[in-house]
Amino acid sequence: MRRLISFFITNPIWGNAFIFLTIVFGLLALSNMRRSFFPEMPPRVITIDVAYPGASPVEMEDGVTIKIEQALEGLSGIKKITSSSEENRASLKIEAFEDTDMDDLLTDVENTVNSINSFPVGAEKPIIRKLKVGDRKS
């Protein structure tokens, strides 16, 4: 260790070159580093949207939202279901547990929702989708 220190004392140009190279490689590494304000984690969310033209929020709640919520109650892997019923539209957000396989859950949700045959006559087919990285749906 003493020889290394004495080398840099007697040859200061090598000490400066070492510092310069450290800064250059540090800046190169910094420019190539991936960074984001929020870490990119795969979303654990499935959304269901159902349109029913001309329906009031109460009709959406009774005819669509409650039926979907009741059908989804028995599925495993669901952490939380959040729903909203608006005029002409119902929207449900299904949040999954961390260890749940999202593709399997999506298939289960699609099969369950598509098996409901008691939707009102004017209601359109439910749109079921898994959120992807970068999608923002709250």
Side-chain angles (χ1 to χ4, degrees):
M1 186 68 160
R2 287 183 188 258
R3 289 177 50 180
L4 183 64
I5 294 171
S6 65
F7 173 78
F8 283 115
I9 290 174
T10 56
N11 301 309
I13 190 77
W14 288 107
N16 290 336
F18 180 73
I19 292 171
F20 176 75
L21 288 174
T22 302
I23 291 171
V24 167
F25 285 122
L27 290 174
L28 286 173
L30 183 64
S31 69
N32 291 329
M33 187 182 307
R34 289 185 52 196
R35 57 192 172 272
S36 65
F37 189 70
F38 293 106
E40 291 184 9
M41 294 174 47
R44 318 271 328 142
V45 175
I46 294 174
T47 61
I48 304 172
D49 292 308
V50 182
Y52 181 13
S56 69
V58 174
E59 290 174 319
M60 290 303 298
E61 180 77 22
D62 294 338
V64 177
T65 307
I66 291 176
K67 291 178 182 178
I68 294 175
E69 287 176 346
Q70 289 174 347
L72 295 175
E73 277 180 6
L75 292 181
S76 63
I78 295 178
K79 181 178 182 180
K80 180 173 131 180
I81 299 175
T82 308
S83 63
S84 68
S85 298
E86 303 167 7
E87 192 168 326
N88 303 324
R89 175 175 183 269
S91 177
L92 289 93
K93 181 173 98 170
I94 302 166
E95 295 178 38
F97 289 109
E98 290 294 320
D99 59 342
T100 304
D101 182 358
M102 290 303 290
D103 293 326
D104 289 344
L105 182 61
L106 178 64
T107 303
D108 291 344
V109 168
E110 286 174 341
N111 291 338
T112 302
V113 172
N114 291 334
S115 69
I116 300 172
N117 54 12
S118 60
F119 285 136
V121 175
E124 296 178 5
K125 187 176 186 290
I127 299 170
I128 304 166
R129 68 185 192 102
K130 176 176 65 170
L131 290 187
K132 297 179 182 76
V133 174
D135 287 349
R136 297 281 183 226
K137 178 112 178 172
S138 30

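Residue numbers run from 1 in the order of the sequence given.
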Rounded to the nearest 0.5 Å, what separates atom CD in Glu86 from atom OG1 in Thr65? 9.5 Å

Return the CG to CH2 distance between Leu21 and Trp14, rounded to the nearest 0.5 Å. 9.5 Å

Pairwise salt bridge (Lys or Arg N to Asp or Glu O under 4.0 Å) hits with a residue in residues 97-124, at least two apart: Asp103-Lys130

Of all the heavy-atom pairs spanning Asn88 and Gly54, show the shortest one and how long it is. OD1-N, 2.7 Å

Nearest 0.5 Å, please: how far is CG in Leu131 from CD in Glu95? 10.0 Å

Val109: which of Thr112, Asn111, Leu105 passes side-chain contact (heavy atoms from CB on, under 4.5 Å): Leu105

Evaluation steps, side-chain contact (heavy atoms from CB on, under 4.5 Å), between Thr100 and Phe97: CA-CA 5 Å; Thr100 304; Phe97 289 109; 3.6 Å; yes

Determine yes or no for a side-chain-to-main-chain donor-acceptor pair under 3.5 angstrom, with Glu59 supplying the side chain and Ser56 the backbone. yes

Would Arg89 and Glu87 count as a salt bridge (Lys or Arg N to Asp or Glu O under 4.0 Å) if you check the C-alpha gap in whole Å, the side-chain angles of each, and the deciding distance to 0.1 Å? CA-CA 6 Å; Arg89 175 175 183 269; Glu87 192 168 326; over 6 Å; no

Taking it one step at a time, do Val113 and Val50 satisfy side-chain contact (heavy atoms from CB on, under 4.5 Å)? CA-CA 11 Å; Val113 172; Val50 182; over 6 Å; no

Determine whether Ile116 and Phe119 satisfy the following criterion, side-chain contact (heavy atoms from CB on, under 4.5 Å), listing intermediate values before the conclusion. CA-CA 7 Å; Ile116 300 172; Phe119 285 136; 3.9 Å; yes

Is the number of heavy atoms from other residues, nucleotides or ligands within 6.0 Å of CD1 (Ile13) greater than 12? no

State whether the number of non-hydrogen atoms from other residues, nucleotides or ligands found under 6.0 Å of Phe18 atom CZ is greater than 12. no

Only one of Ile128, Ile78, Ile81 forms a side-chain contact (heavy atoms from CB on, under 4.5 Å) with Ile46, so which one is it? Ile128

Heavy-atom nearest pair, Met102 first then Arg44, reads CE-C, 3.6 Å

Rounded to the nearest 0.5 Å, the CD atom of Glu61 sits from the OG atom of Ser84 at a distance of 9.0 Å

Please name the pair of heavy atoms, one in Gly63 and one in Pro120, separated by the smallest distance, quoted to 0.1 Å. O-CD, 3.3 Å

So do Pro126 and Asp49 actually touch side chain to side chain, heavy atoms under 4.5 Å? no

Apply the side-chain contact (heavy atoms from CB on, under 4.5 Å) test between Ser83 and each candidate in Ile94, Leu92, Ile66; give the one that qualifies. Leu92

Return the minimal non-hydrogen interatomic distance between Pro53 and Gly122, and the atom names on each side. CD-O, 3.7 Å

Please report the closest heavy-atom contact between Lys79 and Ala96, naming both atoms and the distance. CB-C, 3.9 Å

Is Phe25 close to Leu28 at the side-chain level, that is, under 4.5 Å between some pair of heavy atoms? yes

Only one of Thr47, Ile48, Leu106 clears side-chain contact (heavy atoms from CB on, under 4.5 Å) with Arg129; which? Thr47

